[in-house]
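Below: the structure, in C-alpha coordinates.
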Amino acid sequence: MIDRCQRDIDYIRISVTDRCNLRCVYCMPEEGVQWVPHNAVLSYEEILRLCRVFAGLGLSKIKLTGGEPLVRRGMDRLIADIKAIPGIRCVTLTTNGVLLAQQLPGLVSAGLDGVNISLDTLNREQFRAITRRDELDRVLAGLNAALECPGLNVKINCLPMGRNDDQLVPLVELARERPLSVRFIEVMPIGLGKELTYRSEDEVRAMLEARFGPMEPFHGRLGNGPCHYFSLPGFAGKVGFISALSHQFCSECNRVRLTSEGFLKTCLQYELGVDLKALMQDGRDDAFLAEAVRQAIYNKPLQHHFADTSGQEALEHHGMSQIGG
Ligand code: SAM
Ligand code: SF4
(Lines give C-alpha, C1' and ligand atoms only; values in the text may rest on other atoms or scores of the structure.)
(Ligands and ions follow the chains in the order given, each with its own letter.)
Protein backbone atom coordinates (compact mmCIF):
# COMPACT_ATOMS: atom_id res chain seq x y z
CA MET A 1 0.00 0.00 0.00
CA ILE A 2 1.04 3.60 -0.60
CA ASP A 3 1.75 5.83 2.41
CA ARG A 4 1.36 9.60 2.73
CA CYS A 5 4.90 10.06 1.33
CA GLN A 6 4.05 8.01 -1.78
CA ARG A 7 6.20 5.09 -0.66
CA ASP A 8 5.01 1.61 -1.63
CA ILE A 9 5.05 -0.39 1.60
CA ASP A 10 5.12 -4.07 0.62
CA TYR A 11 7.52 -5.63 3.14
CA ILE A 12 7.04 -6.56 6.80
CA ARG A 13 9.50 -7.98 9.31
CA ILE A 14 7.72 -10.16 11.85
CA SER A 15 9.45 -10.99 15.12
CA VAL A 16 8.29 -14.40 16.32
CA THR A 17 10.13 -14.34 19.66
CA ASP A 18 12.26 -12.06 21.81
CA ARG A 19 14.36 -15.05 23.07
CA CYS A 20 17.79 -15.82 21.71
CA ASN A 21 20.54 -18.43 22.08
CA LEU A 22 23.35 -15.87 21.57
CA ARG A 23 24.16 -12.67 23.47
CA CYS A 24 25.68 -10.36 20.85
CA VAL A 25 27.33 -7.44 22.61
CA TYR A 26 25.49 -4.89 20.44
CA CYS A 27 22.09 -6.46 20.99
CA MET A 28 21.60 -8.28 24.28
CA PRO A 29 23.26 -8.21 27.70
CA GLU A 30 24.77 -11.46 29.04
CA GLU A 31 21.88 -11.91 31.49
CA GLY A 32 19.32 -11.50 28.70
CA VAL A 33 16.54 -8.96 28.84
CA GLN A 34 13.21 -8.94 30.65
CA TRP A 35 11.56 -11.66 28.52
CA VAL A 36 8.08 -11.05 27.25
CA PRO A 37 5.73 -13.46 29.12
CA HIS A 38 4.65 -16.38 26.90
CA ASN A 39 1.02 -15.33 26.89
CA ALA A 40 1.98 -11.86 25.65
CA VAL A 41 3.82 -13.25 22.61
CA LEU A 42 1.69 -13.58 19.46
CA SER A 43 0.47 -17.13 18.91
CA TYR A 44 0.95 -18.71 15.48
CA GLU A 45 -2.77 -18.34 14.89
CA GLU A 46 -2.56 -14.62 15.64
CA ILE A 47 0.47 -14.21 13.37
CA LEU A 48 -1.38 -15.99 10.54
CA ARG A 49 -4.48 -13.90 11.04
CA LEU A 50 -2.41 -10.71 10.85
CA CYS A 51 -0.53 -12.00 7.78
CA ARG A 52 -3.89 -12.42 6.01
CA VAL A 53 -4.76 -8.82 6.92
CA PHE A 54 -1.34 -7.57 5.73
CA ALA A 55 -1.59 -9.52 2.46
CA GLY A 56 -4.98 -7.93 1.83
CA LEU A 57 -3.29 -4.51 2.03
CA GLY A 58 -0.53 -5.42 -0.41
CA LEU A 59 2.21 -6.46 2.02
CA SER A 60 3.50 -9.38 0.00
CA LYS A 61 7.01 -9.99 1.36
CA ILE A 62 7.56 -11.30 4.86
CA LYS A 63 10.76 -11.67 6.83
CA LEU A 64 10.62 -13.77 10.01
CA THR A 65 13.01 -12.58 12.67
CA GLY A 66 13.44 -12.36 16.46
CA GLY A 67 15.26 -12.66 18.92
CA GLU A 68 16.32 -15.85 17.25
CA PRO A 69 13.38 -17.18 15.21
CA LEU A 70 14.68 -20.76 15.16
CA VAL A 71 14.46 -21.10 18.96
CA ARG A 72 10.68 -21.03 18.57
CA ARG A 73 9.32 -24.47 17.72
CA GLY A 74 7.35 -25.13 14.56
CA MET A 75 8.84 -22.50 12.25
CA ASP A 76 8.43 -24.88 9.31
CA ARG A 77 4.69 -25.12 9.95
CA LEU A 78 4.39 -21.35 10.29
CA ILE A 79 6.27 -20.75 7.03
CA ALA A 80 4.13 -23.28 5.13
CA ASP A 81 0.94 -21.66 6.46
CA ILE A 82 2.10 -18.12 5.60
CA LYS A 83 3.15 -19.19 2.12
CA ALA A 84 -0.34 -20.56 1.54
CA ILE A 85 -1.96 -17.12 2.07
CA PRO A 86 -3.07 -15.57 -1.23
CA GLY A 87 -1.01 -12.46 -1.99
CA ILE A 88 2.11 -13.54 -0.10
CA ARG A 89 4.93 -13.78 -2.62
CA CYS A 90 8.02 -14.33 -0.52
CA VAL A 91 8.89 -15.57 2.99
CA THR A 92 12.46 -15.29 4.23
CA LEU A 93 14.22 -15.68 7.56
CA THR A 94 16.91 -13.77 9.46
CA THR A 95 18.83 -16.05 11.79
CA ASN A 96 22.08 -16.28 13.71
CA GLY A 97 22.49 -19.68 12.05
CA VAL A 98 23.14 -21.75 15.19
CA LEU A 99 20.10 -24.02 14.67
CA LEU A 100 19.92 -23.68 10.91
CA ALA A 101 21.61 -26.88 9.70
CA GLN A 102 19.26 -29.12 11.68
CA GLN A 103 16.10 -27.23 10.73
CA LEU A 104 16.87 -26.37 7.13
CA PRO A 105 15.30 -29.40 5.41
CA GLY A 106 11.95 -28.68 7.06
CA LEU A 107 12.15 -24.95 6.37
CA VAL A 108 12.96 -25.47 2.71
CA SER A 109 10.18 -28.05 2.26
CA ALA A 110 7.83 -25.49 3.83
CA GLY A 111 8.71 -23.08 1.00
CA LEU A 112 11.32 -20.76 2.56
CA ASP A 113 12.58 -18.44 -0.18
CA GLY A 114 15.73 -17.08 1.41
CA VAL A 115 17.82 -16.88 4.54
CA ASN A 116 19.97 -14.08 5.96
CA ILE A 117 22.64 -15.33 8.33
CA SER A 118 24.16 -12.86 10.76
CA LEU A 119 27.90 -13.43 10.92
CA ASP A 120 30.36 -10.77 12.03
CA THR A 121 33.56 -12.81 12.01
CA LEU A 122 35.11 -16.11 10.91
CA ASN A 123 37.53 -16.07 13.82
CA ARG A 124 36.43 -18.37 16.62
CA GLU A 125 37.79 -16.30 19.50
CA GLN A 126 36.34 -13.11 18.07
CA PHE A 127 33.01 -14.85 17.48
CA ARG A 128 32.97 -15.94 21.11
CA ALA A 129 33.83 -12.43 22.29
CA ILE A 130 31.12 -10.79 20.14
CA THR A 131 28.30 -13.31 20.71
CA ARG A 132 29.42 -14.53 24.16
CA ARG A 133 28.89 -18.11 22.92
CA ASP A 134 31.22 -20.65 21.27
CA GLU A 135 28.94 -21.48 18.35
CA LEU A 136 30.90 -20.51 15.22
CA ASP A 137 31.11 -24.13 13.98
CA ARG A 138 27.37 -24.59 14.07
CA VAL A 139 26.80 -21.27 12.29
CA LEU A 140 29.21 -22.26 9.52
CA ALA A 141 27.50 -25.65 9.23
CA GLY A 142 24.21 -23.77 8.79
CA LEU A 143 25.73 -21.50 6.16
CA ASN A 144 27.16 -24.43 4.20
CA ALA A 145 23.89 -26.33 4.40
CA ALA A 146 22.01 -23.26 3.13
CA LEU A 147 24.41 -22.84 0.22
CA GLU A 148 23.67 -26.39 -0.84
CA CYS A 149 19.92 -25.79 -1.15
CA PRO A 150 19.08 -25.12 -4.79
CA GLY A 151 17.07 -21.93 -5.28
CA LEU A 152 17.50 -20.67 -1.70
CA ASN A 153 18.66 -17.06 -1.65
CA VAL A 154 21.49 -16.85 0.92
CA LYS A 155 22.92 -13.65 2.41
CA ILE A 156 25.39 -12.89 5.17
CA ASN A 157 24.82 -9.82 7.34
CA CYS A 158 27.86 -8.39 9.11
CA LEU A 159 28.06 -5.41 11.45
CA PRO A 160 31.46 -3.74 11.01
CA MET A 161 32.39 -2.47 14.47
CA GLY A 162 36.12 -1.90 14.53
CA ARG A 163 37.01 -5.05 16.46
CA ASN A 164 36.21 -7.16 13.38
CA ASP A 165 38.07 -4.97 10.84
CA ASP A 166 40.44 -7.85 10.06
CA GLN A 167 37.48 -10.09 9.18
CA LEU A 168 35.79 -7.97 6.52
CA VAL A 169 38.05 -9.25 3.71
CA PRO A 170 37.75 -12.93 4.75
CA LEU A 171 33.95 -12.57 4.89
CA VAL A 172 33.87 -11.11 1.37
CA GLU A 173 36.11 -13.98 0.20
CA LEU A 174 33.17 -16.31 0.94
CA ALA A 175 31.45 -14.79 -2.10
CA ARG A 176 34.32 -15.48 -4.49
CA GLU A 177 33.22 -18.97 -5.49
CA ARG A 178 29.62 -18.94 -4.29
CA PRO A 179 26.53 -16.96 -5.30
CA LEU A 180 26.29 -15.38 -1.88
CA SER A 181 25.63 -11.75 -0.95
CA VAL A 182 27.84 -10.47 1.86
CA ARG A 183 26.24 -7.32 3.30
CA PHE A 184 27.66 -4.78 5.70
CA ILE A 185 25.15 -3.04 7.94
CA GLU A 186 25.92 0.19 9.71
CA VAL A 187 25.37 -0.22 13.44
CA MET A 188 22.34 1.77 14.49
CA PRO A 189 22.20 3.72 17.76
CA ILE A 190 19.46 1.57 19.25
CA GLY A 191 19.79 -0.22 22.59
CA LEU A 192 23.33 -1.52 23.15
CA GLY A 193 24.22 -0.43 19.60
CA LYS A 194 24.56 3.09 21.02
CA GLU A 195 27.76 2.02 22.78
CA LEU A 196 29.46 0.49 19.75
CA THR A 197 32.11 1.90 17.45
CA TYR A 198 30.45 2.66 14.20
CA ARG A 199 32.14 1.92 10.86
CA SER A 200 30.58 3.78 7.96
CA GLU A 201 30.03 2.37 4.48
CA ASP A 202 32.81 4.57 3.12
CA GLU A 203 35.29 3.24 5.69
CA VAL A 204 34.38 -0.38 4.90
CA ARG A 205 34.52 0.22 1.15
CA ALA A 206 37.98 1.75 1.50
CA MET A 207 39.17 -1.33 3.42
CA LEU A 208 37.73 -3.70 0.82
CA GLU A 209 38.94 -1.74 -2.19
CA ALA A 210 42.46 -1.62 -0.74
CA ARG A 211 42.41 -5.41 -1.02
CA PHE A 212 40.20 -6.15 -4.02
CA GLY A 213 40.44 -2.99 -6.15
CA PRO A 214 37.52 -0.77 -7.24
CA MET A 215 34.03 -2.23 -6.80
CA GLU A 216 31.46 -1.80 -9.59
CA PRO A 217 27.94 -0.67 -8.58
CA PHE A 218 25.46 -3.43 -9.40
CA HIS A 219 22.11 -2.10 -10.61
CA GLY A 220 20.12 -5.35 -10.76
CA ARG A 221 17.59 -6.23 -8.06
CA LEU A 222 18.72 -8.69 -5.39
CA GLY A 223 16.43 -8.29 -2.43
CA ASN A 224 13.43 -6.60 -0.88
CA GLY A 225 15.08 -3.75 0.89
CA PRO A 226 17.42 -0.77 0.90
CA CYS A 227 20.67 -2.66 0.34
CA HIS A 228 22.80 -1.42 -2.56
CA TYR A 229 25.20 -3.88 -4.14
CA PHE A 230 28.60 -3.96 -5.80
CA SER A 231 30.29 -6.55 -8.00
CA LEU A 232 33.89 -7.61 -7.64
CA PRO A 233 35.77 -8.92 -10.68
CA GLY A 234 35.88 -12.72 -10.65
CA PHE A 235 33.40 -13.08 -7.77
CA ALA A 236 30.28 -15.24 -8.03
CA GLY A 237 28.51 -13.30 -5.26
CA LYS A 238 27.99 -9.61 -4.47
CA VAL A 239 28.94 -7.21 -1.71
CA GLY A 240 26.14 -5.08 -0.26
CA PHE A 241 25.74 -2.13 2.09
CA ILE A 242 22.82 -1.13 4.27
CA SER A 243 23.79 2.30 5.43
CA ALA A 244 20.95 3.83 7.38
CA LEU A 245 23.19 6.50 8.88
CA SER A 246 25.62 7.61 6.22
CA HIS A 247 23.32 7.05 3.22
CA GLN A 248 19.86 7.61 4.68
CA PHE A 249 17.29 5.72 2.57
CA CYS A 250 14.04 6.75 4.30
CA SER A 251 12.52 8.12 1.08
CA GLU A 252 12.69 4.59 -0.37
CA CYS A 253 11.78 2.73 2.83
CA ASN A 254 9.28 -0.02 1.97
CA ARG A 255 9.00 -1.74 5.33
CA VAL A 256 7.17 -1.94 8.63
CA ARG A 257 7.73 -4.24 11.61
CA LEU A 258 5.58 -6.40 13.85
CA THR A 259 7.04 -7.07 17.31
CA SER A 260 6.64 -10.42 19.04
CA GLU A 261 4.03 -8.73 21.27
CA GLY A 262 1.95 -7.74 18.28
CA PHE A 263 2.80 -4.05 17.99
CA LEU A 264 2.94 -2.81 14.39
CA LYS A 265 5.90 -0.45 14.26
CA THR A 266 6.17 1.90 11.32
CA CYS A 267 9.71 3.26 11.77
CA LEU A 268 12.71 1.67 13.48
CA GLN A 269 13.49 4.78 15.49
CA TYR A 270 10.07 5.56 16.90
CA GLU A 271 7.53 3.83 19.09
CA LEU A 272 4.82 4.84 16.65
CA GLY A 273 2.27 2.37 15.29
CA VAL A 274 -0.63 0.33 16.58
CA ASP A 275 -1.06 -2.47 19.14
CA LEU A 276 -2.68 -5.17 17.01
CA LYS A 277 -2.64 -7.80 19.74
CA ALA A 278 -4.70 -5.51 21.97
CA LEU A 279 -7.20 -5.01 19.14
CA MET A 280 -7.49 -8.77 18.64
CA GLN A 281 -7.97 -9.29 22.38
CA ASP A 282 -10.73 -6.67 22.29
CA GLY A 283 -12.53 -8.89 19.78
CA ARG A 284 -12.12 -6.60 16.76
CA ASP A 285 -12.87 -8.16 13.38
CA ASP A 286 -10.51 -8.35 10.40
CA ALA A 287 -11.99 -5.28 8.72
CA PHE A 288 -11.26 -3.24 11.86
CA LEU A 289 -7.70 -4.60 12.01
CA ALA A 290 -7.16 -3.81 8.33
CA GLU A 291 -8.28 -0.21 8.81
CA ALA A 292 -6.00 0.20 11.86
CA VAL A 293 -3.04 -1.18 9.88
CA ARG A 294 -3.89 1.00 6.88
CA GLN A 295 -3.98 4.15 9.00
CA ALA A 296 -0.75 3.34 10.85
CA ILE A 297 1.12 2.62 7.62
CA TYR A 298 -0.33 5.66 5.89
CA ASN A 299 1.13 7.81 8.70
CA LYS A 300 4.57 6.17 8.65
CA PRO A 301 7.16 8.81 9.64
CA LEU A 302 8.90 10.62 6.82
CA GLN A 303 12.37 9.74 8.09
CA HIS A 304 14.47 8.76 11.07
CA HIS A 305 16.65 11.26 12.93
CA PHE A 306 19.30 8.95 14.37
CA ALA A 307 21.87 11.68 13.82
CA ASP A 308 19.98 14.10 16.08
CA THR A 309 17.71 12.70 18.76
CA SER A 310 17.48 15.81 20.92
CA GLY A 311 14.06 16.87 22.04
CA GLN A 312 12.12 14.26 20.05
CA GLU A 313 9.07 12.44 21.25
CA ALA A 314 8.12 8.78 20.94
CA LEU A 315 11.71 7.55 20.56
CA GLU A 316 12.15 3.77 20.61
CA HIS A 317 13.28 2.39 23.96
CA HIS A 318 13.36 -1.31 23.11
CA GLY A 319 16.54 -3.11 22.00
CA MET A 320 17.07 -4.77 18.62
CA SER A 321 16.29 -8.27 19.91
CA GLN A 322 12.87 -6.99 20.95
CA ILE A 323 12.22 -5.16 17.69
CA GLY A 324 13.61 -7.78 15.31
CA GLY A 325 16.35 -5.78 13.61
N1 SAM B 1 18.82 -13.35 15.83
C2 SAM B 1 18.67 -13.11 14.44
C3 SAM B 1 19.95 -12.61 13.84
O4 SAM B 1 20.89 -12.27 14.60
O5 SAM B 1 20.03 -12.56 12.62
C6 SAM B 1 17.54 -12.17 14.09
C7 SAM B 1 17.33 -10.96 14.96
S8 SAM B 1 18.67 -9.79 14.97
C9 SAM B 1 18.04 -8.54 16.05
C10 SAM B 1 18.51 -9.11 13.35
C11 SAM B 1 19.69 -8.33 12.85
O12 SAM B 1 19.81 -7.15 13.60
C13 SAM B 1 21.03 -9.04 12.94
O14 SAM B 1 21.62 -9.12 11.66
C15 SAM B 1 21.85 -8.15 13.84
O16 SAM B 1 23.21 -8.12 13.45
C17 SAM B 1 21.17 -6.81 13.64
N18 SAM B 1 21.40 -5.85 14.71
C19 SAM B 1 21.34 -6.01 16.04
N20 SAM B 1 21.62 -4.87 16.69
C21 SAM B 1 21.88 -3.94 15.73
C22 SAM B 1 22.23 -2.55 15.73
N23 SAM B 1 22.35 -1.85 16.87
N24 SAM B 1 22.41 -1.92 14.54
C25 SAM B 1 22.25 -2.59 13.38
N26 SAM B 1 21.91 -3.89 13.30
C27 SAM B 1 21.75 -4.56 14.46
FE1 SF4 C 1 20.46 -12.79 19.25
FE2 SF4 C 1 20.38 -11.81 16.76
FE3 SF4 C 1 20.51 -10.16 18.91
FE4 SF4 C 1 22.63 -11.62 18.30
S5 SF4 C 1 21.69 -10.02 17.02
S6 SF4 C 1 21.72 -11.37 20.37
S7 SF4 C 1 21.71 -13.44 17.52
S8 SF4 C 1 18.83 -11.49 18.40
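No experiment lies behind these values; they were computed from the predicted model shown. When a ligand or atom number is given, it counts from 1 through the structure's own listing order.
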Give the contacting part of Thr95 toward ligand 1: side chain, backbone, both or neither, where contact means a heavy-atom distance below 4.0 Å.
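The backbone, only.
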
Heavy-atom pairs closer than 4.0 Å: do any link ligand 1 to the side chain of Thr94, the backbone, both, or neither?
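Both the backbone and the side chain of Thr94 come within reach of ligand 1.
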
Would one find an N or O of Gly66, backbone or side chain, under 3.5 Å from an N or O of ligand 1?
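Between Gly66 and ligand 1 (N or O atoms, distance only) the closest approach is not under 3.5 Å.
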
Can you check whether Ser118 has an N/O within less than 3.5 Å of an N/O in ligand 1?
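Yes.
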
Can you list the ligand 1 atoms lying under 4.0 Å from a non-hydrogen atom of [X]?
{"X": "Glu186", "value": "25 (C)"}
{"X": "Thr65", "value": "6 (C), 7 (C)"}
{"X": "Glu68", "value": "1 (N), 2 (C)"}
{"X": "Asn96", "value": "2 (C), 3 (C), 5 (O)"}

Closer than 3.5 angstrom, by distance alone: can the side chain of Gln126 be matched with the main-chain N or O of Asn123 as a donor-acceptor pair?
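A pair under 3.5 Å: no.
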
Any Ala244 heavy atom less than 4.0 Å from ligand 1:
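Judged by the 4.0 Å heavy-atom criterion, Ala244 does not count as contacting ligand 1.
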
Would you call the rings of Phe241 and Phe184 parallel, tilted or perpendicular, taking 30° and 60° as the class edges?
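Because their plane-to-plane angle lies in the 30° to 60° range, the rings of Phe241 and Phe184 count as tilted.
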
[X]-[Y] side chain donor-acceptor pair, cut-off 3.5 Å:
{"X": "Lys63", "Y": "Thr92", "answer": "yes"}
{"X": "Glu186", "Y": "Ser246", "answer": "yes"}
{"X": "Asn21", "Y": "Asn96", "answer": "yes"}
{"X": "Thr95", "Y": "Glu68", "answer": "yes"}
{"X": "Asn254", "Y": "Asp10", "answer": "yes"}

Report, as yes or no, whether the 6.0 Å neighbourhood of atom CD on Glu173 holds more than 12 heavy atoms from other residues, nucleotides or ligands.
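More than 12 heavy atoms, drawn from other residues, nucleotides or ligands, come within 6.0 Å of this atom.
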
With a 4.5 Å heavy-atom cut-off, do Lys277 and Phe263 have their side chains touching?
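The answer is no; the side chains never approach within 4.5 Å.
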
Tell me the protein N, O or S atoms under 2.8 Å from atom 1 (Fe) of ligand 2, in chain and number order.
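Hits for atom 1 (Fe) of ligand 2 below 2.8 Å: Cys20 SG.
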
Charged N to carboxylate O below 4.0 Å: is that the case for Glu291 and Arg284?
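No.
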
Using heavy-atom distances only, which candidate in Cys158, Gly97, Gly67 approaches atom 2 (C) of ligand 1 most closely?
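Closest candidate by heavy-atom distance is Gly67.
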
Which distance, rounded to the nearest 0.5 Å, do you find between the OG1 of Thr65 and the CG of Asn116?
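So the gap between those two atoms works out to 9.5 Å.
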
